[in-house]
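Below you'll find the structure, written out as structure tokens, and then a few comments.
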Amino acid sequence: MLTANKLMPQGRGLAPVLLKRAATVELDWDVRQKSRFDATDSQGRQIGVFLPRGTAVRGGDVLVAEDGSLVRVIAAPQPVLRITHCTAHGTPFDLTRAAYHLGNRHVPIELKPDHLKIEPDHVLADMLRSMHLIVVAAEEAFEPEGGAYGSHEQHSHDGGHDHAHDHGSSKGPKPLVLAPELLDGHDHSDGHHGHSH
């Protein structure tokens with residue numbers, strides 16, 4: 001069995017030709033949310049995945065095997081409930097209300113501008129329908145939100161930007177700086193400190 005213990009979020013930094021040639025593995029959310037699992041890739045190889053605890057694997061991520069080979073992860077279609085607002089009796093704000101109520105129940109939710117997705121649950125489906133939302137069973141990839149304290153890597157999976165802002169020439173993540181005036185040598189004060197008038 002081949003071991004993979006490195007993850008490259010969305011294959012960043014890899015040449016497109018390498019991604020195209022990489023073996024693939026199709027996994028549903030139940031497997032991808034685990035940091036340790038076994039899988040079989042598109043070349044028929046058994047792979048034991050051992051990632052740091054708490055790591056969730058997203059569709060588009062790339063696993064690096066011990067022999068240096070790459071395995072691109074595909075989010076497998078799985079049963080989900082697709083939730084939309086009722087155009088006849090509701091508004092898009094109804095989805096915000098639904099996300100609030102689901103979040104209070106700590107339900108993993110995939111948020112989209114025009115719909116929500118959750119794993120099948122008939123009790124939650126009934127609750128959502130009572131809120132005049134449309135709930136439909138579907139087979140789709142499921143990529144729930146990672147939570148406010150998760151990695152920023154999760155927020156750029158749909159080709160968006162990752163909100164990294166350059167405050168200098170160094171690369172890599174910036175530390176949390178509670179005294180911004182120490183960050184880049186510029187004075188970020190309100191103009192009342194250190195100036196004589």
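All residue numbers refer to positions in the sequence shown, counting from 1. Here the structure is a predicted model, which means the values were calculated and not measured.
- The shortest non-hydrogen separation linking Pro120 to Pro79 is CD-O, 3.2 Å.
- Thr84 contributes atom OG1, which lies 7.0 Å from atom CG of Leu95 (distance to the nearest 0.5 angstrom).
- Hydrophobic clustering of Ile, Leu, Val, Met, Phe, Trp and Tyr side chains at less than 4.5 Å, counting indirect connections, keeps Leu7 apart from Leu19.
- Between the side chain of Glu66 and the backbone N or O of Thr3 there is at least one donor-acceptor pair closer than 3.5 Å.
- Here the CD1 atom belonging to Ile109 is positioned 8.5 Å from the CD atom belonging to Glu145, to the nearest 0.5 angstrom.
- Judged purely by atom type and a 3.5 angstrom limit, Arg12 has no side-chain atom pairing as donor or acceptor with the backbone of Met8.
- For Arg45, the salt bridge (Lys or Arg N to Asp or Glu O under 4.0 Å) partners two or more places apart in sequence, or in a different chain, are Asp41, Asp67.
- One N or O on the side chain of Asp61 and one on the backbone of Gln10 form a donor-acceptor pair closer than 3.5 Å.
- Here the CG atom belonging to Leu63 is positioned 10.0 Å from the OG atom belonging to Ser69, to the nearest 0.5 angstrom.
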Pair Val107-Asp121, side-chain contact (heavy atoms from CB on, under 4.5 Å): steps then yes or no: CA-CA 10 Å; Val107 174; Asp121 182 310; over 6 Å; no
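- Panel note: side chain Glu143, backbone Gly59; a donor-acceptor pair is recorded below 3.5 Å.
- Summarising the geometry, atom NZ belonging to Lys6 is positioned 13.5 Å from atom OG1 belonging to Thr55; distances are rounded to the nearest 0.5 Å.
- A donor-acceptor pair under 3.5 Å is formed between the side chain of Lys117 and the backbone N or O of Ala141.
- Atom NE2 of His132 has 12 or fewer heavy atoms from other residues, nucleotides or ligands within 6.0 Å.
- Panel note: side chain Arg36, backbone Phe50; no donor-acceptor pair is recorded below 3.5 Å.
- Contact record, Leu2 with Ala65: CD2-CB, 3.6 Å, taken as the closest heavy-atom pair.
- Note on Met127 and Leu111: same hydrophobic cluster, where clusters join Ile, Leu, Val, Met, Phe, Trp and Tyr whose side-chain heavy atoms are under 4.5 Å apart, directly or indirectly.
- Considering every non-hydrogen atom in both Ala23 and Ser42, the closest pair reads CA-OG, 3.5 Å.
- Residues passing the salt bridge (Lys or Arg N to Asp or Glu O under 4.0 Å) test with Arg21, sequence neighbours excluded: none.
- Closest approach of Val25 and Thr40 over heavy atoms only: CG2-O, 3.6 Å.
- Note that CZ of Arg53 and CG of Leu51 are 11.0 Å apart. Values are rounded to the nearest 0.5 Å.
- Under the 4.5 Å side-chain contact rule for hydrophobic residues, Leu14 and Val64 share a cluster.
- Here the closest heavy-atom approach between residue Ala98 and residue Leu133 is recorded as CB-CD1, 3.5 Å.
- Proximity of Leu81 to Leu124: side-chain heavy atoms (C-beta onward) are nowhere separated by under 4.5 Å.
- At a threshold of 4.5 Å between non-hydrogen side-chain atoms, the residues Trp29 and Val80 do not count as touching.
- Between the side chain of Asp126 and the main chain of Arg129, no donor-acceptor pair closer than 3.5 Å is present.
- Criterion: ILVMFWY side-chain heavy atoms under 4.5 Å apart, direct or through other members. Under it, Ile74 and Leu27 are not part of a common hydrophobic cluster.
- Side chain of Glu26 to main chain of Ala76: no donor-acceptor pair is present (N/O by atom type, distance under 3.5 Å, no hydrogens or angles).
- There is no path of hydrophobic side-chain contacts, each under 4.5 Å, that joins Val62 to Val49.
- To the nearest 0.5 Å, atoms CG (Leu102) and CD1 (Ile83) are separated by 5.5 Å.
- When all heavy atoms of Glu119 and Asp30 are compared, the pair lying nearest together is OE2-OD1, 3.4 Å.
- Pairs passing the salt bridge (Lys or Arg N to Asp or Glu O under 4.0 Å) check and including a residue from residues 70-92, sequence neighbours excluded, read Arg82-Glu140.
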